[in-house]
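Here the structure comes first, spelled out in structure tokens, and everything after it is commentary.
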Amino acid sequence: MIVSWMTTNACNLKCAHCYQDAGETQDKELKTDEAMTMIDQIAKAGFKIMIFSGGEPLMRPDIFDLVAHAASRGLRPVFGTNGILITEEVARRLKECGTMAMGISLDSLDPAQHDRFRGVPNAYAQTLQGIENCKKVGLPFQLHTTVVDWNKHEICDVTDFAVEVGAIAHYIFFLIPVGRGVFIQDTSLAVQENETLLKAIMAKQAEVSIDVKPTCAPQFMRVSRELGVDTRFTRGCLAGLTYCVIGSEGIVRPCAYMVEEAGDVRQTPFDEIWRDSEVFKTLRTQDYGGACGSCEFNDTCGGCRARGAYYHDGDILAEDDYCAHGHRRRGHLLTS
């Protein structure tokens, strides 16, 4: 099981798509002692992987102590970061305190395009230096790429680049319009474009030795089966089943792109929220509506619960409209 903690709202970039609308530190963010207690509760709940994300998690001054505490509780600490703050010394300290892998964002192989999307000049060069610093100290890393209309043609090239630079995986995030992402919703791919790209990604998976995982596009499980491509992953959407997120102020939600709240760790221990929350209980019924409910792939895909809720007035079990298979089953003609 995986939990992602948005350690802080502070960030050194101004990404156009940021789901958290990150920028400045919030007054109510969890203090060190509160975070330590929460980590104990996460371990008690049986979670195995803890993602330290943000904002930019490396902007928290206590981050090394928090990672060490998570490791001491049997959790596998990993990161979601823009990579800019990973100096060689930071990389060494991260490895020493128990960090198992760094997820580093890279949205284009064109430096100008990456910098524009990330909102800060020279971000591309600094991110690549962060990757090099991980390599110098032997800290494993993977690349994270957000898909929009202007970079869809180079997603598989970024996978090849990930292999070239020694990444252990390439995770590809499909845009969901929350946070600042609502302002670039028109850059999302159309349904058939999603399908075409998923086929290309899974075909690329058959060519490379590293994991290639579309995220927030659970239909990749169906596509991989249809193409006969092996993947170690067993399910698409994990929200509320084996995954959840905790905001910087301690609010628990099923995933980073869902607004539905499961609880507040300042009021209820995390392990109790995970066990008893009505939001999680609802998701665990897997009683999906519409095309998702009748789909022969609903046991391995599950549809994107965030998109279901976003496009169906908060119904977290509603069908995922961004599924080409669902449209075909209903006889809809799709164009790109």
What do the steps show when you test E132 against K135 for salt bridge (charged side-chain N to carboxylate O under 4.0 Å, His left out), and what is the final call?
-> CA-CA 5 Å; E132 286 301 312; K135 293 170 67 174; 3.5 Å; yes

Which atom pairs, donor and acceptor, lie under 3.5 Å between side-chain atoms of residues 165-175 and protein residues at least two apart or in another chain?
unit_1 : atom_1 : unit_2 : atom_2 : d
H170   : ND1    : T159   : OG1    : 2.7
H170   : NE2    : T145   : OG1    : 2.9

Between [X] (side chain only) and [Y] (backbone N and O only), is there a donor and an acceptor less than 3.5 Å apart?
X: T99; Y: A101; answer: no
X: R118; Y: Y124; answer: no
X: N151; Y: V148; answer: yes
X: Q129; Y: Q126; answer: no
X: D115; Y: N122; answer: yes
X: T268; Y: V265; answer: no
X: R284; Y: G240; answer: yes
X: T196; Y: E193; answer: no
X: E319; Y: A291; answer: yes
X: D149; Y: L189; answer: no

Examine the side chains of [X] and [Y] and answer whether a donor and an acceptor come within less than 3.5 Å of each other.
X: T81; Y: E56; value: yes
X: N9; Y: S248; value: no
X: R222; Y: Q219; value: no
X: H325; Y: E296; value: yes
X: D107; Y: Q113; value: no

Side chain to side chain donor-acceptor pair (under 3.5 Å) partners of K213, counting only residues at least two apart | none

Mind checking side chain to side chain donor-acceptor pair (under 3.5 Å) for R76 and listing every partner two or more places apart, or none if nothing turns up?
-> none

Taking atom [atom1] of [X] and atom [atom2] of [Y], what is their separation to the nearest 0.5 Å?
X: M59; Y: I84; atom1: CE; atom2: CD1; result: 10.5 Å
X: T231; Y: Q205; atom1: OG1; atom2: CD; result: 5.5 Å
X: L30; Y: M6; atom1: CG; atom2: CE; result: 12.5 Å
X: Q142; Y: D211; atom1: CD; atom2: CG; result: 8.5 Å
X: L283; Y: I316; atom1: CG; atom2: CD1; result: 4.0 Å
X: E260; Y: T282; atom1: CD; atom2: OG1; result: 10.0 Å

In this structure, are over 12 heavy atoms from other groups packed under 6.0 Å from K136 atom NZ?
-> yes

Other residues, nucleotides, ligands: >12 heavy atoms within 6.0 Å of D33 CG = yes

Between [Y] and [X], is there a side-chain heavy-atom distance shorter than 4.5 Å?
X: M202; Y: P214; result: yes
X: N298; Y: Q286; result: no
X: R225; Y: F297; result: yes
X: V252; Y: V245; result: no
X: R253; Y: C244; result: no
X: L143; Y: I131; result: yes
X: P218; Y: C301; result: yes
X: W5; Y: L66; result: yes

Heavy-atom pair of closest approach, residues [X] and [Y]:
X: S4; Y: S53; result: OG-OG, 3.3 Å
X: H114; Y: T127; result: NE2-OG1, 4.0 Å
X: R266; Y: D264; result: N-OD1, 2.8 Å
X: T7; Y: R60; result: O-NH1, 3.0 Å
X: R73; Y: I39; result: CG-CG2, 4.5 Å
X: A10; Y: T8; result: N-OG1, 3.0 Å

Any link between V208 and L197 through a network of hydrophobic side chains (Ile, Leu, Val, Met, Phe, Trp, Tyr) touching at under 4.5 Å?
-> yes

For the hydrophobic clusters of this structure (ILVMFWY residues joined by side-chain heavy atoms under 4.5 Å, transitively), does one cluster hold both I104 and V90?
-> yes

Sequence neighbours excluded and cut-off under 3.5 Å, please list the side-chain donor-acceptor pairs for residues 269-281, or say none.
unit_1 : atom_1 : unit_2 : atom_2 : d
S277   : OG     : A262   : O      : 3.4
S277   : OG     : V279   : N      : 3.2

Can you sort out the partners of D157 under side-chain contact (heavy atoms from CB on, under 4.5 Å), two or more places apart, ordered by chain and number?
-> L109, E154, D160

Residues that A306 engages under side-chain contact (heavy atoms from CB on, under 4.5 Å), provided they are two or more places apart = I176, C255, Y257, M258, C304

Test side-chain contact (heavy atoms from CB on, under 4.5 Å) applied to C97 and V67, step by step | CA-CA 6 Å; C97 70; V67 170; 3.5 Å; yes

Verify salt bridge (charged side-chain N to carboxylate O under 4.0 Å, His left out) between R93 and E88, making sure each step is shown before the conclusion.
-> CA-CA 9 Å; R93 290 187 67 186; E88 186 173 345; over 6 Å; no

salt_bridge(E34, K31) N-O dist < 4.0 Å = no

Show your reasoning for whether side-chain contact (heavy atoms from CB on, under 4.5 Å) applies to V78 and I2.
-> CA-CA 10 Å; V78 297; I2 306 170; over 6 Å; no

Do R307 and D321 pass the salt bridge (charged side-chain N to carboxylate O under 4.0 Å, His left out) test, and can you show the C-alpha distance, the side-chain angles, and the key distance before you say yes or no?
-> CA-CA 7 Å; R307 283 198 175 91; D321 294 343; over 6 Å; no

Would you please test V229 and V223 for side-chain contact (heavy atoms from CB on, under 4.5 Å) and show each step?
-> CA-CA 8 Å; V229 175; V223 171; over 6 Å; no

Start with the C-alpha gap between L139 and L94, add the side-chain angles, then the distance that decides, and say whether side-chain contact (heavy atoms from CB on, under 4.5 Å) holds.
-> CA-CA 8 Å; L139 179 60; L94 285 167; 4.1 Å; yes

Single hit among F64, F141, F52 for ring-ring contact (aromatic ring centres under 6.0 Å, His included) with F79 | F52

